[in-house]
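Below is one structure, written out as structure tokens; the observations come after it.
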Amino acid sequence: MAALTEPVPVTVEPSLCGIESGREEDTVIISSKKSFINTLKLSDQKLVSSLPVRVGVNISSPAVWNEEKKEYFLVQNNQEVLMWKEGHTLLDKAKKRQIPTAVHKLFSLPSYEPVVLCENGTVTFLGGGIKGGNQKALLSEGECITWCTAVELLDGVCVVHASCSKVESNGDTVIHSHWYSAHEDLWKHTATRLESHGALLSCTCCRGPSQDDVRLFTLWSDGSLHDMVLSETSAVERGQPIFLKGLSASCSLFCLSDNDFAIVGLQKKDQRGVAILDQKFGQIRAWQPFPFKGSFDKAFCQREHILVHCGKTLYIHRYECQVSTLASMIGHRQGTLAEEEPSPADAQLSPRKRSKSAESVEEPAEKQIVKILKNLCDPLKTSSYTAFKREFAQLKTKLPDSDVWAFLEDLSLVVKRCCTEKKFWPADELEFLVSQHCVSASDVAMLFEALLQRKDVGLMYKAMTAQSDELPETCVCFALHCFLSATEEAVQVAVENVGLDLSNTEMEEEGICMYDAGDEAAACPFSREKAFLVDQILCCPFDEAYLLSSMRQLPFNLVVDLLKYILHKLKHPAVASDKNVEQDNQRLSQLSRWEAIALDAHATQFIMAKDAHELVIKFSEEEDRYVSFITEANRELSEKLKHMMTKTADKQKKVVGQYCIEVLHLI
């Protein structure tokens, strides 16, 4: 169910510009156009700080706190941005930055620098560290922005705004959406013309079902509430619209949760007020009348509070939403039918402290896990590593005793959040998800790519071990890239953290080539620890065609290091016994396949790079020590290399090229 408290009045300036979330969880920033920038504590309505606005200055976009930059920002006189730190006492002393285009709104999101929406419809980041969008005007002359918002997604940002013609009173409404991808580091723009259902009264947005799209809700003068899913490529309406009674031209709509909405200005009989609508069941769950007659000036929704501005007073309602059930909604409807109006108790918010009877009824474990997973996916609720770690600790206690497959879709979103999070690296949490086999096949490549970018050798080894024989070739190369590029010190630390003790390991039995570190001629190019990790890769099963494609993405210098190690293993194989002859032959065949694929993937560079010629020639001296094999792919490479050799007069290049052809016929 849902509930609303009775409004608490607070005196404010009539020229209110906007209200935004404050630095602390219990605060909001109230910006006046011409007088003060005040920070208000919601729990006791006390003023925390106040900054006066200089005479002659007009605040055109309200002050916001940006967690990424740890600064406050606002826009004055349409094109000048002010920036200051916590504790600053004079706006005149704040840093200033001029924007070439008039600013419509400045947005602040937890994980990004401030986002600027200009009057001409263009969107960009305020800071220069992230690339901005296209600065060509998107709105035609006579077209203006009527509503806007910004939503943080799992892997980026979406800025949505509505526009219509200033000239045509019944002109069509166009929804513009600007999509920023952190992975691609660029903005994309799409525009959708809405089907008219009268006059557009209000809009609101939240993240969509996939967490990478946006749900847009539009409220129209014919009483209909429409639900639409926006993505980079489409705009699709979901389900049937809900029809409401008592709407007025000044209604405002806010999304409170997945199914709950606040409608400010909804009328019952002759009284307007604030209502909470349950979209799932199409019912009004709570309603509070305005403490004044007539309409309101502006309405805002921040920090689980609905704030209604009228004249010199700001009325603050605290709301609470709980998951509704069919039984509770039937009971609510029966109670409503029995009485002409809901009783005052229905509209009052329950106290924050739960009663003993409520404490005794615990939420089912499945619902608790789903709630935790949704919080972990939401950067707004777990914006810092401290909050994320605290929430994840609850998951650790509940998930092992549950059926992981029942939560695979939500777990996939958590894995994606962990891999793409820029503010912190949740290594311990990812390790838990890997150990509990919570990484689906579709997310494995994303996980390994993230581990490579973070150079997390230890977790890469654990993830590779957990996937065992199901490791795709792209992930094999991600892991190989990680191990080869890591420093010996990093590998040593990772092996110790993983708990691998290689001092007494009979590595010949594990397919690892032993060597005498004191023998200079037999010295391995890698340490014992790195050799162990690379050997885990060389023992992985693979399809030659897929591995060849992935190997082409491996840097050439790492391919050379790999071939040096393979050459060492061919020169100094493990001591064979009668029992292990077949196994040793398989190892040599596997090494031969790796050598052939490495040469195939970087054939041109091996022929052109003189530094690599000596290595290839050394391989040619070892060709009699193992048996050759040939495939269709190798025949094609042979023809390609022969064609290249006819175009060069360099004798050494011809020798290397000839061996590259021959080695592909070896086994």
Side-chain angles (χ1 to χ4, degrees), residues 1-33 35-51 59 61-65 72 74 108 149 202 204 206 248 250-257 260-268 271-277 284-322 342 344-353 380-381:
M1 297 299 291
L4 280 166
T5 61
E6 293 185 0
V8 177
V10 174
T11 301
V12 294
E13 296 295 326
S15 60
L16 186 64
C17 178
I19 300 177
E20 301 288 341
S21 297
R23 184 172 67 94
E24 304 296 335
E25 290 187 1
D26 190 32
T27 62
V28 291
I29 308 169
I30 303 175
S31 301
S32 174
K33 291 182 179 180
S35 54
F36 293 94
I37 308 297
N38 294 330
T39 301
L40 182 74
K41 191 173 181 180
L42 289 169
S43 56
D44 56 13
Q45 295 82 47
K46 289 184 178 179
L47 200 62
V48 177
S49 65
S50 182
L51 291 175
I59 304 302
S61 181
V64 297
W65 166 258
Y72 292 93
L74 67 75
S108 180
T149 192
S202 187
T204 189
C206 65
S248 62
S250 59
C251 280
S252 291
L253 181 70
F254 301 100
C255 184
L256 307 182
S257 68
D260 296 305
F261 297 86
I263 303 176
V264 181
L266 187 71
Q267 184 170 324
K268 283 192 174 185
Q271 182 70 47
R272 292 181 182 177
V274 180
I276 295 182
L277 169 72
I284 299 297
R285 297 171 60 181
W287 184 78
Q288 272 287 343
F290 288 153
F292 54 86
K293 292 184 178 181
S295 61
F296 60 96
D297 298 324
K298 293 181 180 180
F300 308 90
C301 185
Q302 297 289 348
R303 305 290 196 191
E304 297 184 347
H305 288 74
I306 299 167
L307 307 99
V308 182
H309 174 231
C310 182
K312 295 184 178 181
T313 307
L314 184 69
Y315 298 94
I316 304 175
H317 301 259
R318 184 165 67 90
Y319 68 83
E320 186 177 277
C321 295
Q322 300 172 3
D346 291 335
Q348 292 178 357
L349 187 64
S350 58
R352 293 181 183 271
K353 186 176 180 180
L380 300 177
K381 294 183 178 179

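Computed over heavy atoms, backbone and side chain alike; hydrogens, waters and symmetry mates excluded.
For Tyr315 and Phe292, the distance between ring centers is under 6.0 angstrom.
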Verdict with reasoning, Leu277 to Leu266, per side-chain contact (heavy atoms from CB on, under 4.5 Å): CA-CA 10 Å; Leu277 169 72; Leu266 187 71; over 6 Å; no
side-chain contact (heavy atoms from CB on, under 4.5 Å) between Trp65 and Thr27, worked out: CA-CA 11 Å; Trp65 166 258; Thr27 62; over 6 Å; no
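Scanning both residues, Phe36 and Ser50, for their nearest heavy atoms gives CD2-OG, 3.3 Å. Closest of all the heavy-atom pairs between Ile59 and Ser32 is CG1-O, 3.5 Å. Taking all atoms of both residues into account, the shortest heavy-atom contact from Gly265 to Cys251 is O-SG, 3.6 Å. The heavy-atom pair separating Cys255 from Thr204 by the smallest distance is N-OG1, 3.1 Å. A pairwise comparison of heavy atoms in Glu6 and His317 identifies C-ND1, 4.4 Å as the closest pair. Listed here is the closest heavy atom pair of Thr5 and Gln288: O-CG, 3.7 Å.
To the nearest 0.5 Å, atoms CH2 (Trp287) and CZ (Arg272) are separated by 11.5 Å. The line from CD1 of Ile276 to CD of Glu320 is 9.5 Å long, rounded to the nearest 0.5 Å. Summarising the geometry, atom CD1 belonging to Ile316 is positioned 12.0 Å from atom CD1 belonging to Ile306; distances are rounded to the nearest 0.5 Å. Taken from SG in Cys310 to CG in Leu16, the straight-line distance is 12.0 Å, to the nearest 0.5 Å. Taking CG of Asp26 as the start and CD of Glu304 as the end, the distance is 10.0 Å to the nearest 0.5 Å.
In this structure, the side chains of Phe296 and Ser252 come closer than 4.5 Å at one or more pairs of heavy atoms. Looking at Ile29 and Ile37, their side chains come closer than 4.5 Å, going by heavy atoms from C-beta outward. Tyr319 places none of its side-chain heavy atoms less than 4.5 Å from the side chain of His305. A 4.5 Å side-chain heavy-atom check between Glu20 and Phe300 finds every atom pair outside the cut-off. Taking the side chain as every heavy atom from C-beta outward, Ile19 and Leu314 approach each other to under 4.5 Å. The side-chain heavy atoms of Leu40 and Val12, taken from C-beta on, include no pair separated by under 4.5 Å. The closest side-chain heavy-atom distance from Ile30 to Leu307 is not below 4.5 Å.
With hydrogens and angles ignored, the 3.5 Å screen pairs a side-chain donor or acceptor of Gln271 with a backbone N or O of Phe290. Put simply, the side chain of Ser31 never gets that close to the backbone of Cys17: no donor and acceptor are under 3.5 Å apart. Remark: side-chain polar atoms of Asp260 are not paired, donor with acceptor, to backbone N or O of Cys321 under 3.5 angstrom. Asp297 contributes a side-chain N or O that, together with a main-chain N or O of Gly311, makes up a donor-acceptor pair within less than 3.5 Å. Within the 3.5 Å criterion, the main-chain N or O of Glu24 finds a donor-acceptor partner in the side chain of Arg303. In this structure a side-chain-to-backbone donor-acceptor pair under 3.5 Å is present from Ser202 to Leu253.
Heavy atoms of other residues, nucleotides or ligands lying less than 6.0 angstrom from NZ of Lys298 number more than 12.
Side-chain contact, Ser49 with Thr39: a donor N or O sits under 3.5 Å from an acceptor N or O.
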